[in-house]
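Everything below concerns the one structure shown next.
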There are 2 protein chains.
Amino acid sequence: MSPASVTINDVARAAGVSKSLVSLTLNERPGVKEETRERILQVARELGWTPHPGARGLSLRRAYALGLVLRRSPRTIEVDPFFASFIAGVETVLAERGNVLVLTVVPDRAAEERAYERLAADKRVDGFLLTDLLADDERIPLLERLGSFAVSLGEPLGGSPFPAVTRDYDAGIDELVQHLVGLGHRRIAHVSGDERMLHGRRRRERFETAARAAGIDPLVVPTDFSPEQGAEATKALLDREDRPTAIVYGNDPMAIAGMGVAHERGLDLPADLSITGLDGSQIGSFVYPSLTTLDNDPAGFGLAAATALLRLVEDGEAGDVALPPARLVVRASTAAPSGR
Amino acid sequence: MSPASVTINDVARAAGVSKSLVSLTLNERPGVKEETRERILQVARELGWTPHPGARGLSLRRAYALGLVLRRSPRTIEVDPFFASFIAGVETVLAERGNVLVLTVVPDRAAEERAYERLAADKRVDGFLLTDLLADDERIPLLERLGSFAVSLGEPLGGSPFPAVTRDYDAGIDELVQHLVGLGHRRIAHVSGDERMLHGRRRRERFETAARAAGIDPLVVPTDFSPEQGAEATKALLDREDRPTAIVYGNDPMAIAGMGVAHERGLDLPADLSITGLDGSQIGSFVYPSLTTLDNDPAGFGLAAATALLRLVEDGEAGDVALPPARLVVRASTAAPSGR
DNA sequence: TTGAAAGCGGTACCAG
DNA sequence: CTGGTACCGCTTTCAA
């Protein structure tokens with residue numbers, strides 16, 4: 001078994017030509033007589049030959065691989081519904097271009113830095129997909145220094161030489177706040193995510209803006225995006241004199257944890273408390289009451305990011321991509337506040 | 001920038017030796033004079049040289065990479081809390097051995113097969129991590145045919161030439177059923193997972209055994225592990241005359257969806273209905289009531305599986321590994337049944 | 001239009 | 001111990 005894998009030489013020999021011609025043919029380069037070309041293709045097919053990306057990469061200085069480094073503390077590691085779909089989206093474009101995804105999950109910043117350095121030094125990947133962008137992300141200068149290519153999800157505040165894939169959440173947040181206000185809410189709180197994370201901060205800012213625009217004084221409790229802190233924040237909010245009648249959570253896992261706290265206190269949801277998430281996870285439609293949130297498109301992000309990165313790597317073309325804006329998804333967790 | 005990466009030749013030249021010696025030194029092979037060895041090491045350090053795994057692999061016919069192919073239908077793609085931790089566990093062993101993880105997420109069986117074939121044909125990886133094992137998994141013969149190495153999570157029924165990493169859930173399920181029986185439950189249902197999946201079937205069987213041992217007639221509703229079907233199954237169960245007082249769900253996302261249904265019907269949890277999961281996810285402790293379940297150790301699985309696979313690839317040594325058995329985690333979602 | 005040969009960055013074998 | 005050389009599988013001049 002395991003036929004000692006056929007190489008370009010086998011094909012050349014079987015077709016009675018030099019390997020140069022096989023190479024030229026394979027790469028759809030001109031200068032090969034049509035007849036010869038077809039014979040080579042034919043033989044290659046018969047032999048089931050497919051070029052070895054490793055060997056190819058050695059000549060061309062390419063890895064035919066893209067890198068994704070995920071930093072996840074043990075406490076938030078399993079709560080993120082974004083990545084499976086994101087990676088599936090990445091995969092659709094990589095697969096058809098003979099590329100592959102190298103995934104690394106690290107627990108902390110030190111390990112993260114080492115991961116990027118090693119992957120770059122070993123030329124394991126041709127570029128990086130940058131997710132979970134921080135407001136002033138150190139990975140940008142790091143990757144610049146390493147001479148790597150990259151594409152970021154979101155636009156770093158500090159500026160960046162790399163293309164960004166962006167998606168507007170502002171309009172969605174406006175819609176969300178207006179939805180709550182329209183229902184009659186006046187005391188609306190926001191359990192925000194990690195301030196250092198770009199989307200966490202951005203959403204918090206926009207929430208505040210939208211609230212003020214509606215004549216409401218925004219109440220914000222910062223967290224690290226973990227359900228633990230989401231639950232804590234909820235308790236703190238519900239303990240207040242002027243407890244909010246609606247809470248907007250920075251992500252769905254926190255919203256679910258917040259629901260748990262509310263239920264535990266015997267609140268009737270959504271009458272006593274309206275709750276929303278901000279990133280449209282699947283599980284959100286199965287909790288009770290089902291979660292009002294913004295929609296999200298992880299696969300779209302993956303597809304766009306991988307496409308942009310490959311373009312950058314292969315053609316040197318940078319260029320931002322804007323995804324369709326987030327929209328409000330109204331489900332059952334929001335309603336007019338009961339008299340209280 | 002991006003110093004045209006230093007190679008073994010640069011090191012050899014700078015150290016005034018041939019590259020053979022550099023190679024021998026690097027690989028800790030004997031036959032290099034201590035003095036020379038140190039000089040080479042010193043120079044390598046100064047130049048920041050690190051061997052190129054690609055080039056190395058070309059000689060040694062190794063990819064220094066392990067493959068993980070995940071099949072996820074769009075409907076269950078984001079609900080699995082297992083993988084982030086699993087991959088983190090894998091990473092801990094790969095990182096320190098200069099290996100890397102190639103991850104592919106595919107939507108269906110055809111794409112899955114293609115993924116394995118391509119990864120193997122292109123020699124992108126040295127072996128595969130097999131998760132989500134089916135009772136009679138076609139990937140086993142496929143990978144045998146491809147002449148690949150692999151390690152499976154769980155033991156395929158059809159037999160397998162590959163090492164398996166196993167974990168006993170039987171005792172935990174017994175414990176769980178006894179826990180419910182001890183609380184006074186007599187009508188206990190199991191919303192089981194995909195019958196074709198090994199752990200789904202195995203758990204269902206053990207549930208039945210344990211129930212019968214307790215003198216209870218087991219009631220089982222099969223699903224595909226998705227929260228949708230978990231919710232459906234719950235509705236069906238709650239509609240019955242002899243509705244169960246406790247439901248054991250095949251995984252935590254379904255349990256959460258089940259809770260949603262129960263809440264929606266105005267049931268008081270856990271008094272009116274006890275609910276349990278079976279795979280100890282983090283989010284389970286933040287729903288209300290917090291979820292009684294079995295513990296799980298995805299990172300332990302990752303570590304063990306990667307270790308076993310590397311042993312197989314590098315030393316040709318196969319050998320099963322047994323992880324510590326699953327234990328019951330009692331939280332707030334189980335209690336004595338109310339009179340009804 | 002084609003083939004020979006050098007090179008990508010390593011490893012391994014063989015003389016010396 | 002050490003250096004020279006062939007080779008891993010593929011791409012790319014350069015002559016013919």
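Computed over heavy atoms, backbone and side chain alike; hydrogens, waters and symmetry mates excluded. Naming convention: chains lettered A, B, ... in sequence-line order (proteins, then strands); numbering from 1 in each chain.
- Put simply, CZ on R62(A) is 14 Å from C1' on dT11(D), counting in whole angstrom units.
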Q | Criterion salt bridge (charged side-chain N to carboxylate O under 4.0 Å, His left out) on R97(B) and E314(B), from CA distance to verdict | A | CA-CA 11 Å; R97(B) 322 242 320 234; E314(B) 294 179 350; 2.7 Å; yes
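- Toward the 5' end of DNA chain D, the nearer of the two residues R29(A) and S59(B), judged by each one's closest nucleotide, is S59(B).
- Regarding L21(A), its CG atom lies at a distance of 14 Å from the P atom of dT12(D), rounded to whole Å.
- Residue L58(A) contributes atom CG, which lies 9 Å from atom P of dG10(C) at whole-angstrom precision.
- At a threshold of 4.0 Å, the pair E34(A)-R37(A) counts as salt-bridged, since one of the basic side-chain nitrogens sits closer than that to a carboxylate oxygen.
- Contact annotation for R37(B): no contact, since no heavy-atom pair falls under 4.0 Å across all strands.
- To the nearest angstrom, C1' of dC10(D) lies 14 Å from CZ of R61(A).
- Here the side chain of K33(A) is nearest to one of dT1(C), dG9(C), dC10(D), namely dT1(C).
- Salt-bridge annotation for D315(B) and R311(B): absent, with no side-chain N of the basic residue lying under 4.0 Å from a carboxylate O of the acidic one.
- Residues A14(A) and L47(A) share a closest heavy-atom pair of CB-CD2, 4.1 Å.
- Remark: the S20(A) side chain and the dA4(C) base include a donor-acceptor N/O pair separated by less than 3.5 Å.
- In terms of the side chain to side chain donor-acceptor pair (under 3.5 Å) criterion, E155(B) has no residue partners (sequence neighbours excluded).
- In this structure, F149(A) has its ring center no closer than 6.0 Å to that of F162(A).
- In this structure, D122(B) places its CG atom 19 Å from P of dC8(D), rounding to the nearest Å.
- Of the candidates dT11(C), dT1(C), dG3(D), the closest approach to any side-chain atom of T36(A) belongs to dT1(C).
- Between the D122(A) side chain and the R124(A) main chain, no donor and acceptor come within less than 3.5 Å of each other.
- Straight-line distance from the CD atom of E34(B) to the C1' atom of dT2(D): 16 Å, rounded to whole Å.
- Of the candidate nucleotides dT11(C), dG3(D), dC10(D), dC10(D) has the atom nearest to the side chain of R56(A).
- Looking at heavy-atom distances under 4.0 Å, N27(B) makes contact with sugar-phosphate atoms alone, never a base.
- Taking 3.5 Å as the limit, the base of dG9(C) and the side chain of K19(B) contain no donor-acceptor pair of atoms between them.
- Inter-axis angle, ends of the helix from dT1(C)-dA16(D) to dG16(C)-dC1(D), five pairs per end, rounded to 10 degrees: 50°.
- Here dT2(D) presents its C1' atom at 11 Å from CZ of R39(B), a figure rounded to the nearest Å.
- Nucleic acid contact for V17(A): sugar-phosphate only, since backbone atoms but no base atoms lie under 4.0 Å from a heavy atom of the residue.
- Residue L47(B) contributes atom CG, which lies 14 Å from atom P of dG9(C) at whole-angstrom precision.
- Here dT12(D) is the nucleotide among dC8(D), dC10(D), dT12(D) with the atom lying nearest to any side-chain atom of L60(A).
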(Q) Show, in sequence, the C-alpha distance, side-chain angles and deciding distance for R39(B) and Q42(B), and conclude whether the side chain to side chain donor-acceptor pair (under 3.5 Å) test is met. (A) CA-CA 5 Å; R39(B) 181 154 38 93; Q42(B) 168 66 15; over 6 Å; no
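- Among the atoms of the strands shown, none is found under 4.0 Å from any heavy atom of T25(B).
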